[in-house]
There are 2 protein chains.
Amino acid sequence: MSRKGNDAAAAAGGTVRRATIKDVAEAAGVSRSTASRALTGRGYVATDVRERVLDAARELRYVPDATARYLKQQVSLSLGVLVSDLRNSFYARLAAGAGAAARGQGYSMVLAEDGGSVEAQLEAAETFVAMRVAGVVVTPVSADVSTYLSRHRIPVVEVDRQFAAGDVDAVVVDNHHAAQRVTQRLIDLGHRRIALFIDETTWTTGRERHSGYHAALSEAGVPLDPDLVVSSGWDVEAAHAAAVALLQTDRRPTAVFAANNVLAEGVWRAANDLALSIPADVSLVSFDDAPWMSLVTPGLTAVAQDESALGETAVRRLLERIAAPDSAPLTVMMSTKIVDRDSIQAPAAD
Amino acid sequence: MSRKGNDAAAAAGGTVRRATIKDVAEAAGVSRSTASRALTGRGYVATDVRERVLDAARELRYVPDATARYLKQQVSLSLGVLVSDLRNSFYARLAAGAGAAARGQGYSMVLAEDGGSVEAQLEAAETFVAMRVAGVVVTPVSADVSTYLSRHRIPVVEVDRQFAAGDVDAVVVDNHHAAQRVTQRLIDLGHRRIALFIDETTWTTGRERHSGYHAALSEAGVPLDPDLVVSSGWDVEAAHAAAVALLQTDRRPTAVFAANNVLAEGVWRAANDLALSIPADVSLVSFDDAPWMSLVTPGLTAVAQDESALGETAVRRLLERIAAPDSAPLTVMMSTKIVDRDSIQAPAAD
DNA sequence: CTCATGGGCGAGATCGTTCCCATATGCCAA
DNA sequence: TTGGCATATGGGAACGATCTCGCCCATGAG
């Protein structure tokens, strides 16, 4: 023995080296090549030798170094997932679904948040490139991420919203149609003054939800009142303030369609603060079905997306693309459903 | 030139190799060593040479391979974060805090979920070892994770609950004290029949919350009624079923203390289903303050933990330990506060 | 007996990076 | 002049795995 064993070093208080395949090979009295074959199961190894190697590996608690393996094979087993805000249940569930799908396929998930910032998103993308992840699932905030990652030959799937339609895969829902249907529902109940709360119309989500709302009104011959389309900010507070303002006007809407769960929360809080009764004084529907919407009274009628399925599908699509890098980009459309609860009813007679 | 450039290869439809430091060095007309020095900023490089190298790197869109760097330096820049369930806002916020802190210190976060399963948790730990993460933050479900990771020389911080007290660092809250205070609050209002909903008393969280409840009752001389301590299962449905059963008995409790947000949701739903008014018919307090608790009417009085701070602190502690591997393990106690809302009041006179 | 075949094993190259070391030059003090 | 020091650069060896070779040995067919 030319070198002290690990146990001796440990007893001496020295730093314990992690066991490498070389240690395993020496302990089993074989070469590194043979040890590798025994451990990976590729190539010929005599059964007794294989046993010796496996025993040695167990004994030494050998865990192969994934980074070294990647370096040699140039095949990574981790996926990047990049979302806006984990505190938002929508993204949390999306990430949970993605993580589960990844794990199920033997991948691990590197998760990053960008808080909706383009720069933060690019920074995260750069980290993913540096880590040589096998692919990335992203809820994009600009076209730049997909472009950047594609340039670096990293497969991307856009999920929830789409900025690079046609260039990369995407998994989305039919925002236009769902928004139209739910607006239609309000119109059918007799509503004519229907407000839309929306944060952003430059993303596909916002744009399509807006157009769906618009389409439903047009089709019913209800004139579009620009004052009823409220572009509040991103967060609950902004939506809350905007809702308080709108709901206090003398000709307030009889119904509100909130284009996402954050906006719905703002409107809900505003109605509560103003002691307006939902749905008696004002009906409320939401795009996105957040957990709280089934807990409050009345429960909120909402367009529900299966966020987990969104994440899972995105990961599955990503792995398909990794397997077939040159196939044409696909946009997968997931279904939504309207969950009927008790936050909408016919408007009070004037 | 002995080899085709990338552009030519791209034009020919061939696979484009990612630029390596060797490519950068050649493009700048220097050796790999010099290129490395210019890029990392360690060691002497003439200013004009540095410029040339940096230009070449930009030109070739060079992004250093983090795995290769790790292999050489044996210093990893990713952290493992292992939680039970991202769909639970508690864990989501914890993970968000951890991720933010990690990113702030230049680390990226590898996130895994174990769904509360010991085996899944160990599997995730094994992945972390294989990936050679610099450290792990975990909400443990057994002592095995910490033991396993420690054996592999990977620093661990237990967060929320503690299984390896004294052996590894931990970030927790004073469950006993907080539970005692909130139970005391109910007693002070005049409640004597106070139910405790709890899922598990083998974890520190459950055990301590139980003991705090117990302590408050003892101190007030209220006899402990074992029928009022409900060990329901993990999920909302189980808690809901148990709560429906309990709240229908003729001598139902005048107040319920739910030991976490999931149980609180079960109890809340049960009360609603039974048309019991909170707090008139039954008072309800929760350990954990979930987002929905401020949206429902009445708002739920709850013991609030700052989940983000929990995650951030755990990561900070982890990095401290990485910096000083031989310092004594520390248990950091975070504060809680009771947020008063409207779900508790004095019991109705018998 | 020869030669092809296939099982079994090890030497050494390789992935992309860093880092130690050797070498070289210019400058200043002894 | 010599020695020492700071600056500047390149050669080559790692890090830990995998993988391509090439070699050896049985076995069995011709």
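Order of the sequence lines sets the chain letters (A, B, ...), proteins ahead of strands, with each chain counted from 1.
As rounded to whole Å, 12 Å separates atom C1' of D:dA8 from atom CZ of B:Arg52. Distance, A:Arg50 CZ to C:dC9 C1': 13 Å, rounded to whole Å. Atom P of nucleotide D:dA13 and atom CG of B:Leu71 are separated by 17 Å, given to the nearest angstrom. Taking atom CD1 of residue A:Ile21 and atom P of nucleotide D:dC19, one finds them 11 Å apart after rounding to whole Å. Following rounding to the nearest Å, B:Asp48 (CG) and D:dT7 (P) show an atom-to-atom distance of 16 Å. The CE-P distance, from B:Met131 to D:dA17, rounds to 15 Å in whole Å. One interatomic measurement links the two molecules: CZ of A:Arg69 to P of D:dC19, which rounds to 9 Å at whole-angstrom precision. If you measure from atom CG of B:Leu39 to atom C1' of C:dT17, you get 11 Å, rounded to the nearest angstrom.
Side-chain atoms of B:Ser31 and base atoms of D:dG11 include no donor and acceptor less than 3.5 Å apart. On a pure distance criterion of 3.5 Å, no polar donor-acceptor pair joins the side chain of A:Arg17 and the base of D:dG16.
In this structure, of C:dC9, C:dT18, D:dA17, it is C:dT18 that holds the atom nearest to the side chain of B:Gln73. Which of C:dT17, D:dA17, D:dG16 sits closest to the side chain of B:Arg32 comes down to C:dT17. Looking at the side chain of A:Lys72, the nearest of the listed nucleotides D:dA17, C:dG10, D:dT9 is D:dA17. Comparing C:dC9, C:dT18, D:dA17 against the side chain of A:Ala46 picks out C:dC9 as the nearest. The side chain of B:Ala68 lies closest to C:dT17, out of D:dT9, C:dT17, C:dT18.
Using a 4.0 Å cut-off, some side-chain N or O of A:Tyr62 falls inside it from OP1 or OP2 of D:dA17. Here B:Tyr44 reaches the OP1 or OP2 of D:dT7: one of its side-chain N or O atoms lies under 4.0 Å away. Between B:Ser36 and C:dT18 there is a side-chain N or O to OP1 or OP2 distance below 4.0 Å.
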Evaluation steps, side-chain contact (heavy atoms from CB on, under 4.5 Å), between B:Val30 and B:Arg52: CA-CA 9 Å; B:Val30 296; B:Arg52 276 214 321 276; 3.7 Å; yes

Full working for side-chain contact (heavy atoms from CB on, under 4.5 Å) between B:Met131 and A:Ser108: CA-CA 9 Å; B:Met131 295 183 76; A:Ser108 42; 3.4 Å; yes

Stepwise side-chain contact (heavy atoms from CB on, under 4.5 Å) check, B:Val332 with B:Met334: CA-CA 6 Å; B:Val332 179; B:Met334 306 285 291; 4.3 Å; yes

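When each of B:Arg132 and B:Thr34 is assigned the nucleotide of DNA chain D with its nearest heavy atom, B:Thr34 is the one assigned upstream, toward the 5' end.
Using a 4.0 Å cut-off between a side-chain N of Lys or Arg and a carboxylate O of Asp or Glu, A:Arg17 and A:Asp23 qualify as a salt bridge.
Among the protein residues, B:Thr67 comes within range of no part of the nucleic acid, since none of its heavy atoms lies under 4.0 Å from any strand. Among the protein residues, B:Arg42 comes within range of the sugar-phosphate backbone only, with heavy atoms under 4.0 Å from sugar or phosphate atoms but none that close to a base. Using a 4.0 Å heavy-atom cutoff across all strands shown, B:Ser33 reaches at least one base atom of the nucleic acid.
No donor-acceptor pair under 3.5 Å is formed between the side chain of B:Gln162 and the backbone N or O of B:Thr204.
Inspection of the A:Thr34 and A:Arg37 side chains reveals an N or O donor paired with an N or O acceptor under 3.5 Å.
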